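All ligand and atom numbering here is 1-based and tracks the order in the structure. This is a predicted model, so every value here is computed, not measured.
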Amino acid sequence: PITIEDDRTGLSVETLRRALADHLYYIQGKLPEHASKNDFYLALAFVVRDRLMPRWLYSKKNYLQPDTRIVSYLSAEFLLGPHLENNLINLDIQDEVRQAVQESNLDYQVLIDQEEEPGLGNGGLGRLAACYMDSLSSLEIPALGYGIRYEFGIFDQDIRDGWQVEMTDKWLQFGNPWEIARPSFAVTVKLGGHTEPYVDNQGQYKVRWVPAQIVKGIPYDTPITGYKVNTVNTLRLWKSEAPESFDFQVFNVGDYYGAVDQKIVSENISKVLYPNDEQVQGKELRLMQQFFFVSCALQDMIRIHLTSGRRLNTFHEKFAVQLNDTHPAIGVAELMRLLIDEHDMAWDTAWDVTSRSFAFTNHTLLPEALEKWSVDLFGRILPRHLEIIYEINRRFLDQVRVKFMGDEGHLERLSLIDESGHRSVRMANLACVGSYSINGVAALHTELVKSTILKDFYELSPEKFNNKTNGVTPRRWMVQANPRLTNLISSKIGDNWIKHLHELKGLEQYADDPGFRHEWRQIKLSIKRDLAEHIQRRTGITVNPESMFDVLVKRIHEYKRQHLKVLHIITLYNRIKANPDIDLTPRTFIFGGKAAPGYAMAKLMIKFVTSVGDVVNNDPDVRDRLKVVFLPDYNVTFGQRVYPAAELSEQISTAGKEASGTGNMKFSMNGALTIGTLDGANIEIREEVGAENFFLFGLKTPEVQELKANGYNPWDYYDSNETLKAVLDLVAHGHFSHGDPELFRPLLDNLLHHDPFVVLADYQAYIDCQDQVDQAYRDQDNWTRMSILNAARTGKFSSDRSISEYCEDIWKVKPLPVTVPI
Ligand SMILES: CCc1ccc([C@H](C)CC(=O)N[C@@H]2O[C@H](CO)[C@@H](O)[C@H](O)[C@H]2O)cc1
């Protein structure tokens with residue numbers, strides 16, 4: 001009998017082709033001859049979405065089972081990257097779809113490149129949340145991601161005359177096939193106003209919050225597919241809207257602007273992502289954003305809990321709520337308000353439920369990144385929450401007082417309220433008091449959290465503290481970004497490693513196999529050629545694919561020390577100028593990264609890279625042996641292109657400053673060798689790959705602290721090191737700024753008189769280490785051997801391993817496979 005495949009789920013090429021044509025015709029409403037590339041992309045996206053829908057619907061069904069425990073990941077950022085190809089790989093339908101597209105006379109890669117990437121994050125924290133959502137689904141853990149559906153994500157970056165220029169990220173302009181609006185689950189969120197006590201009809205003393213403003217939260221659901229499993233979890237992002245799109249009453253009394261004012265203010269809340277990475281701005285709208293999505297999320301979880309027939313005093317048994325840094329920490333006070341004010345729970349029960357629901361992850365030690373909100377601002381936006389925080393604080397300090405009899409210092413530092421100067425609410429303290437688990441994101445970082453910023457909380461409740469070293473998903477960062485290497489690896493050890501990354505260890509035996517080494521090197525070379533073409537197209541700069549690709553891509557920040565890298569380049573340049581026939585390994589230096597628009601020094605660092613690049617790239621003496629490229633608009637798509645092409649991964653942050661890093665992991669997995677400091681996860685990467693396969697340099701954390709404690713004077717390093725002096729003097733004389741000595745003066749003055757990130761103190765060790773790299777690269781066989789061993793030994797850095805540890809140690813949740821009825 002002829003079986004007609006279901007158009008919505010069929011996977012034969014014929015069915016896929018028909019489905020593609022159907023969606024173009026009926027959903028896009030276009031005839032092929034009139035359709036744009038984006039129409040074909042959207043049609044294809046809907047074809048793929050159809051094929052995940054059964055999994056998605058039955059995964060949702062699981063949530064509502066009374067005894068299903070759900071992980072809720074609360075994050076102000078999710079740096080998801082493009083969906084289409086990732087879903088093809090996770091649904092294991094890439095080959096079929098690629099063939100169907102080709103047989104429809106369409107170019108597969110052109111359609112893939114059509115997708116606007118949802119840039120709903122700044123950097124590490126946001127991307128980690130995305131990798132973790134992929135692993136939660138792939139490990140079949142019921143999970144919900146909660147965040148903000150920013151209308152405008154992280155700005156698009158262009159480089160004009162060597163300077164960063166920000167452009168609005170209109171990612172939604174052509175529609176988004178990967179989301180479904182859920183207005184039926186809309187909730188209302190209060191803001192501002194005042195509180196008033198009252199006695200309810202049970203004679204209970206209650207408090208009423210009379211808000212100045214009401215905002216509506218509309219959820220938009222995005223499917224998060226798992227790798228070759230039925231689980232498709234939901235990422236629920238909230239959009240803010242005015243309760244009444246148009247307040248006619250106000251209009252009728254002729255106050256037109258008043259009528260729409262509400263609308264604008266409300267919609268502003270989810271309008272744009274704050275582009276600051278590690279710098280608090282303390283803007284009112286930022287606090288409103290944080291409260292908005294957290295209140296929406298908690299109201300949504302309470303609805304799911306009650307819908308599943310459970311009672312609220314067991315909320316913590318159903319939900320494990322992870323706070324992705326302090327940005328959602330207001331959740332501790334908001335859950336208390338919802339349980340007490342909206343659901344009549346007694347304080348103690350509410351606190352018991354709350355403090356057993358939340359777990360907190362810290363991602364940074366930088367003091368300027370720790371969020372504190374002035375009590376005035378807080379009280380104006382969230383008057384009821386300030387009352388609740390005062391009560392939490394009163395009860396907490398009473399407990400503490402018992403433990404630290406009379407030690408006012410402890411009490412002062414532990415208090416949720418910073419009483420010094422302008423009184424402010426310490427969000428990290430609120431998160432710590434309200435959470436049963438507090439973790440750092442790499443071994444060193446967690447130790448530093450315990451010995452510095454959260455020392456008092458560690459002394460108070462050491463049992464809460466644990467480490468969860470970050471990880472990255474091998475699906476996007478290897479299978480999707482590097483299919484050639486993926487196929488080579490799977491041809492040797494099978495493809496189980498994609499789900500069990502530790503099995504990459506099986507590659508070790510091939511490190512000494514010349515044939516395999518040759519294949520490995522050929523693949524790297526072909527990927528470098530592709531990137532060289534892209535660089536040519538994007539910047540007009542010609543790079544030599546045979547040169548060493550030395551890559552530094554991450555947000556621009558002084559602690560990440562992009563300027564130290566530039567000092568290395570100038571050092572090599574000076575060597576060539578001193579002796580043009582010098583024998584050095586040709587290198588291509590590839591930079592990428594966005595600077596927070598308000599961070600002047602970071603923007604000057606970008607100009608420093610591009611200015612030095614202009615001179616080096618066009619100096620005849622250099623003879624193209626050095627090329628410097630700043631590739632604009634570093635994002636997830638960019639990362640997928642550059643990590644596989646890299647040979648040297650630059651992880652050169654000041655020891656003790658980079659909490660973990662995750663780019664370092666993506667580079668190693670793709671066979672790049674790391675030059676780095678003993679900082680963040682670099683330490684664990686070096687432990688795994690072997691010290692002999694890692695280029696280590698620089699002061700260690702205690703040495704940096706000691707140097708600073710003993711009055712570090714960067715000038716001494718300038719004075720006592722001729723090479724360094726020559727480098728800095730060349731910059732000072734305007735050699736890289738058309739003779740203008742003023743352009744880089746702020747950067748030079750900072751280095752010579754402050755140098756908070758000890759760039760000059762680490763300079764010589766860095767240069768010496770780079771010379772070792774230069775030497776090592778000359779022995780391509782051994783370099784390839786080290787490259788293979790690096791990839792083989794980075795199994796630990798899969799986000800599957802991280803998430804398994806969170807499930808085991810913090811969330812106490814087990815996989816719950818989804819069955820989809822045929
Ligand atoms: C309020 C402004 C703001 C915005 C973002 C942040 C994030 C915590 C910054 C961030 O992304 N930190 C990075 O988190 C990664 C994931 O854990 C780590 O790998 C990086 O080392 C850390 O810098 C702090 C402050």
Can you tell me if His385 and Glu334 form a side-chain donor-acceptor pair at under 3.5 Å?
yes
In this structure, are over 12 heavy atoms from other groups packed under 6.0 Å from Lys560 atom NZ?
yes
Flag yes if more than 12 heavy atoms outside Lys708 fall under 6.0 Å of its NZ atom; otherwise flag no.
yes
Which N/O atoms of ligand 1 sit under 3.5 Å from a protein N/O, and at what distances?
unit_1   : atom_1 : unit_2 : atom_2 : d
ligand 1 : 11 (O) : Leu125 : N      : 2.9
ligand 1 : 12 (N) : Glu278 : OE2    : 3.3
ligand 1 : 17 (O) : His363 : ND1    : 2.6
ligand 1 : 17 (O) : Asn470 : OD1    : 2.8
ligand 1 : 19 (O) : Asn470 : OD1    : 3.3
ligand 1 : 19 (O) : Gly661 : N      : 2.8
ligand 1 : 21 (O) : Glu658 : OE2    : 2.6
ligand 1 : 21 (O) : Ala659 : N      : 3.3
ligand 1 : 21 (O) : Ser660 : N      : 3.0
ligand 1 : 21 (O) : Gly661 : N      : 3.0
ligand 1 : 23 (O) : Glu278 : OE2    : 2.6
ligand 1 : 23 (O) : Tyr559 : OH     : 3.0
ligand 1 : 23 (O) : Glu658 : OE2    : 3.0

Which label fits Phe589 and His568: parallel for a plane angle under 30°, tilted from 30 to 60°, or perpendicular past 60°?
perpendicular
Should the pair Tyr643 and Tyr634 be assigned to parallel (<30°), tilted (30 to 60°) or perpendicular (>60°) ring geometry?
perpendicular
Is there a donor-acceptor contact under 3.5 Å linking the side chains of Asn466 and Ser437?
yes
